[in-house]
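Worksheet: the structure to be examined is printed underneath.
Worth saying up front: this structure is predicted, and the values here are computed from it rather than measured. Just so it is clear: chains get the letters A, B, ... in the order the sequence lines come, proteins before strands, and each one is counted from 1.
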2 protein chains.
Amino acid sequence: MMAEKITSLQVAEKAGVSQSAVSRVFTPGASVSKKTADKVRKAAEELGYRPNVLARAMVSGKSRIIGLVVAYLENHFYPEALEILSNTLQEQGYHVLVFMASQTAGNIDNVMDEILDYQVDGIVMASVAMSSDIATRCQQAGVPIVLFNRSQDIEGISSVTSDNHAGGRQVAEFLIAGDHQRIGYIAGWEGASTQRDREAGFREYLQEAGVELFAREVGDFHTERARDAGRRMFDVPADQRPDAVFVANDHMALTVMDVIRFELGLRIPEDVSVVGYDDVPPADWPAYNLTTMRQRANLMVAETVSALMEHINNPKTASPKRVAIDGPFIVRGSARLPEGWTPKG
Amino acid sequence: MMAEKITSLQVAEKAGVSQSAVSRVFTPGASVSKKTADKVRKAAEELGYRPNVLARAMVSGKSRIIGLVVAYLENHFYPEALEILSNTLQEQGYHVLVFMASQTAGNIDNVMDEILDYQVDGIVMASVAMSSDIATRCQQAGVPIVLFNRSQDIEGISSVTSDNHAGGRQVAEFLIAGDHQRIGYIAGWEGASTQRDREAGFREYLQEAGVELFAREVGDFHTERARDAGRRMFDVPADQRPDAVFVANDHMALTVMDVIRFELGLRIPEDVSVVGYDDVPPADWPAYNLTTMRQRANLMVAETVSALMEHINNPKTASPKRVAIDGPFIVRGSARLPEGWTPKG
DNA sequence: TTGAAAGCGCTAACAT
DNA sequence: ATGTTAGCGCTTTCAA
């Protein structure tokens with residue numbers, strides 16, 4: 001029980017070679033004769049030796065740890081992304097160290113300190129805003145950052161999002177084509193680029209179509225505040241009520257649907273059309289059947305990892321990229337359909 | 001840009017003290033004069049110095065990393081638990097390194113290797129079965145393990161679950177008191193202790209009440225297989241249909257409700273009563289309003305962390321504990337109520 | 001209280 | 001191809 005930790009030195013002694021020979025055997029692309037390699041592997045096997053990642057990290061400067069900063073996991077889009085991210089990185093020999101940025105406001109700075117203390121090779125920031133100090137700090141530390149589902153105009157920061165502006169436009173187009181007269185919008189947290197871009201695209205199309213936004217409330221991407229926003233928007237006389245609403249993400253849209261149907265007794269889509277954004281799993285449940293813009297988590301994660309690896313492997317030459325992935329508009333039953341509707345953009 | 005990494009040595013030089021003095025200042029409980037400490041902190045501040053966690057880990061043998069092995073994040077109980085776990089550990093200066101065990105079957109062994117390579121101070125295994133080899137390997141490596149939401153009779157392995165046996169009994173009691181005649185059960189993955197214990201408790205009470213299980217299918221805790229299980233159980237002539245079903249977790253129960261209501265056009269609870277287990281957020285949504293046994297994620301995580309810390313801080317004396325936390329039975333509208341029902345157990 | 005010195009387990013020149 | 005040597009940045013005896 002509780003055997004001592006096996007080191008490369010012990011393997012070396014057992015195999016009758018030098019300690020560095022052992023190291024080479026476990027270093028891909030090092031030069032060792034097959035004979036030595038065999039001896040070493042055999043000894044290592046018998047002793048149950050495995051290289052210490054931390055020691056390796058110290059001398060090589062590569063920890064093979066990616067820090068993930070995430071604000072909340074309540075919105076099912078994030079667990080899904082996390083699962084894909086972790087799996088993808090795992091395949092490439094990296095692992096995800098999780099940092100929750102939820103609690104206090106200013107604590108994002110502490111979190112960044114902690115994350116850098118671990119000598120991570122890269123950072124993914126999901127649903128977290130970026131300040132330029134933080135960016136600078138990471139740049140000084142030589143740690144690449146990729147924003148996931150947020151973007152920000154900071155020099156040298158890569159980001160991956162869906163094409164929120166185009167998505168917002170698409171929703172507006174669909175709603176207008178569906179002959180809705182009084183169109184409302186329930187916003188997410190106004191500090192979020194996703195929220196801003198979705199709203200901007202949405203309003204842009206509305207304006208082009210000569211339609212004025214009929215009502216607007218803020219739900220902050222938060223369940224309870226979305227519920228309140230839904231009440232403020234719909235618990236009013238029928239003639240002041242929107243006949244359609246775009247809710248800035250599915251998480252809030254589901255709650256708003258509950259308010260509309262169960263609290264106020266209205267029908268969807270006969271009385272009110274609802275459109276969301278993300279296409280989280282419950283959107284597809286028949287009890288909701290929510291029309292929504294899909295965010296393609298798998299593609300978004302793939303781009304995130306690719307950007308990260310690019311920066312890690314080519315620290316000098318890699319240039320920051322800003323990726324916006326278009327997603328299909330998923331037409332379900334929560335919004336009245338235009339005659340003969342076909343998605344275009 | 002890209003400043004060099006600051007080391008304790010550089011701080012020492014700037015502060016005019018020895019490198020070990022700097023180390024002491026950043027080591028809680030070391031002996032340093034206030035004067036030295038002030039000088040060092042000032043220099044560190046100016047240089048932007050922070051101790052390298054990995055180097056510290058190497059010499060101290062404590063990485064302050066906890067490995068989390070988790071099979072899937074689809075069931076919302078796990079993201080919720082992960083969020084709480086990460087926050088709790090963060091407060092104690094630990095962080096979570098995530099390992100997904102999903103993909104291949106035998107890959108749990110590889111995952112264990114990888115996890116040990118990182119010299120983690122402890123491991124939490126969530127929704128993952130434990131083999132005794134793995135347990136042995138960790139014990140040899142001196143790394144404590146806690147099973148989360150699984151338990152297993154392996155010497156020296158701590159586990160934290162809800163009281164699944166009592167929970168299963170409670171559900172049976174409720175259903176029988178509600179005067180159901182034909183009671184069905186949809187099982188989770190049969191390799192899972194949670195599944196087995198819930199079913200055992202459920203059947204035990206049924207038997208004591210002299211009621212025979214009317215139907216049984218297996219859903220494997222998996223959405224699509226649960227859907228199929230639901231169809232097999234309910235897409236049958238009315239007289240062969242259960243009038244109540246206990247589904248082994250909410251994730252499956254929601255799907256089964258969809259099958260019952262939307263595919264088969266039956267009413268809940270008038271035609272069929274449905275009871276789940278976990279109390280995930282959607283269970284409380286009015287579109288489902290699912291009666292269920294709550295698993296108290298916050299308590300379960302607290303116990304998990306406490307067990308882990310116990311083992312980490314007292315490696316010799318700490319003894320494995322098996323915690324089963326009781327949860328309240330949450331009566332909502334998806335199951336017919338007994339007259340004047342009050343929960344007891 | 002402080003500094004000097006010895007490593008933690010490993011990789012990466014440098015020699016041979 | 002292999003061994004020797006010098007660290008990576010830190011904690012921790014051990015003396016002073």
Side-chain angles (χ1 to χ4, degrees), chain A residues 3-41 43-44 47-65 93 116-121 141-143, chain B residues 3-41 43-44 47-65 93 116-121 141-143:
Chain A
E4 299 310 309
K5 211 143 269 180
I6 308 299
T7 71
S8 58
L9 187 60
Q10 302 174 49
V11 177
E13 280 163 2
K14 174 145 188 163
V17 297
S18 74
Q19 182 271 330
S20 42
V22 176
S23 171
R24 285 188 187 99
V25 171
F26 287 95
T27 305
S31 95
V32 249
S33 69
K34 181 169 187 328
K35 200 169 141 237
T36 311
D38 288 345
K39 278 194 300 194
V40 169
R41 283 192 201 290
L47 261 32
Y49 167 79
R50 304 214 96 221
N52 180 329
V53 173
L54 265 34
R56 177 177 282 177
M58 276 226 51
V59 39
S60 71
K62 257 79 235 343
S63 64
R64 306 202 74 91
I65 297 176
L116 292 174
D117 292 350
Y118 277 93
Q119 313 298 117
V120 297
D121 290 347
V143 179
Chain B
E4 299 309 308
K5 212 144 269 176
I6 307 300
T7 70
S8 59
L9 187 60
Q10 302 173 49
V11 176
E13 279 164 2
K14 174 145 189 162
V17 297
S18 74
Q19 181 272 329
S20 38
V22 176
S23 172
R24 285 188 187 99
V25 172
F26 288 94
T27 304
S31 93
V32 249
S33 69
K34 181 163 187 334
K35 200 169 142 236
T36 310
D38 287 347
K39 278 194 300 192
V40 168
R41 284 193 201 288
L47 260 31
Y49 168 80
R50 305 213 94 220
N52 180 330
V53 173
L54 264 34
R56 178 176 283 177
M58 277 225 50
V59 37
S60 70
K62 258 76 239 340
S63 65
R64 306 202 74 91
I65 296 176
L116 292 175
D117 291 351
Y118 278 92
Q119 313 296 118
V120 297
D121 290 347
V143 179

Select base, sugar-phosphate, or nothing to describe what A/Thr7 touches, counting heavy atoms under 4.0 Å on all strands.
-> sugar-phosphate

Which whole-number value in Å describes the distance from A/Leu116 CG to D/dG9 P?
-> 15 Å

Separation of atom NZ in B/Lys62 from atom P in C/dG9, rounded to whole Å = 14 Å

Is the backbone N or O of A/Lys62 less than 3.5 Å from a side-chain atom of A/Asp121, with the two atoms forming a donor-acceptor pair by type?
-> no

Given DNA chain C, 5'-ward residue of the pair B/Gly16 and B/Ser60, judged by closest heavy atom | B/Gly16

Quick note, B/Val59 side chain, CB onward, closest among D/dG3, C/dC8, C/dA4 is C/dC8

Only residue of A/Arg56, A/Arg50, A/Arg64 satisfying side-chain hydrogen bond (donor to acceptor under 3.5 Å, both in side chains) with B/Asp117 is A/Arg50

Protein-nucleotide distance (B/Leu9, atom CG; C/dA4, atom P), rounded to Å | 11 Å

Which one of B/Thr27, B/Thr36, B/Leu9, B/Val17 satisfies the side-chain contact (heavy atoms from CB on, under 4.5 Å) criterion with B/Val22?
-> B/Val17

Heavy atoms, side chains only, cut-off 4.5 Å: are B/Val25 and B/Arg41 in contact?
-> yes

With respect to the phosphate group of D/dT11, does any side-chain polar atom (N or O) of B/Ser23 fall under 4.0 Å of OP1 or OP2?
-> yes

B/Ala37 or A/Leu54: which one's nearest nucleotide on DNA chain C is closer to the 5' end?
-> B/Ala37

Heavy atoms under 4.0 Å, any strand shown: does A/Ser33 hit a base, just sugar-phosphate, or nothing?
-> sugar-phosphate

Under the 3.5 Å rule, do the base of D/dT4 and the side chain of A/Ser20 count as making a donor-acceptor pair?
-> yes

Intermediate values then yes/no, side chain to side chain donor-acceptor pair (under 3.5 Å), B/Ser8 and B/Gln19 | CA-CA 6 Å; B/Ser8 59; B/Gln19 181 272 329; 3.0 Å; yes

Between CG of A/Asp38 and C1' of D/dA1 the distance, given in whole Å, is 14 Å

Give one of base, sugar-phosphate or nothing for B/Tyr49, where a contact means two heavy atoms less than 4.0 Å apart.
-> sugar-phosphate

Please report, rounded to the nearest Å, how far the P atom of D/dG9 is from the CE atom of A/Met58.
-> 6 Å

Within this structure, what is the CG-to-P distance between A/Asp117 and D/dC10, rounded to whole angstrom?
-> 10 Å

Would you indicate which nucleotide in C/dT1, C/dC10, C/dA5 comes nearest to any side-chain atom of B/Gln19?
-> C/dA5

Starting from P on D/dT2, measure out to NZ on A/Lys34 and report it in whole angstrom.
-> 12 Å

With heavy atoms under 4.0 Å as the rule, sort A/Ser31 into base, sugar-phosphate or nothing.
-> base

Check every strand shown and say whether B/Val22 touches a base, only sugar-phosphate, or nothing at a heavy-atom separation below 4.0 Å.
-> nothing

Roughly, in whole Å, what's the span from CG in A/Asn52 to P in C/dT11?
-> 9 Å

A/Arg24 has its side chain closest, among C/dA13, C/dC10, C/dA12, to C/dA13

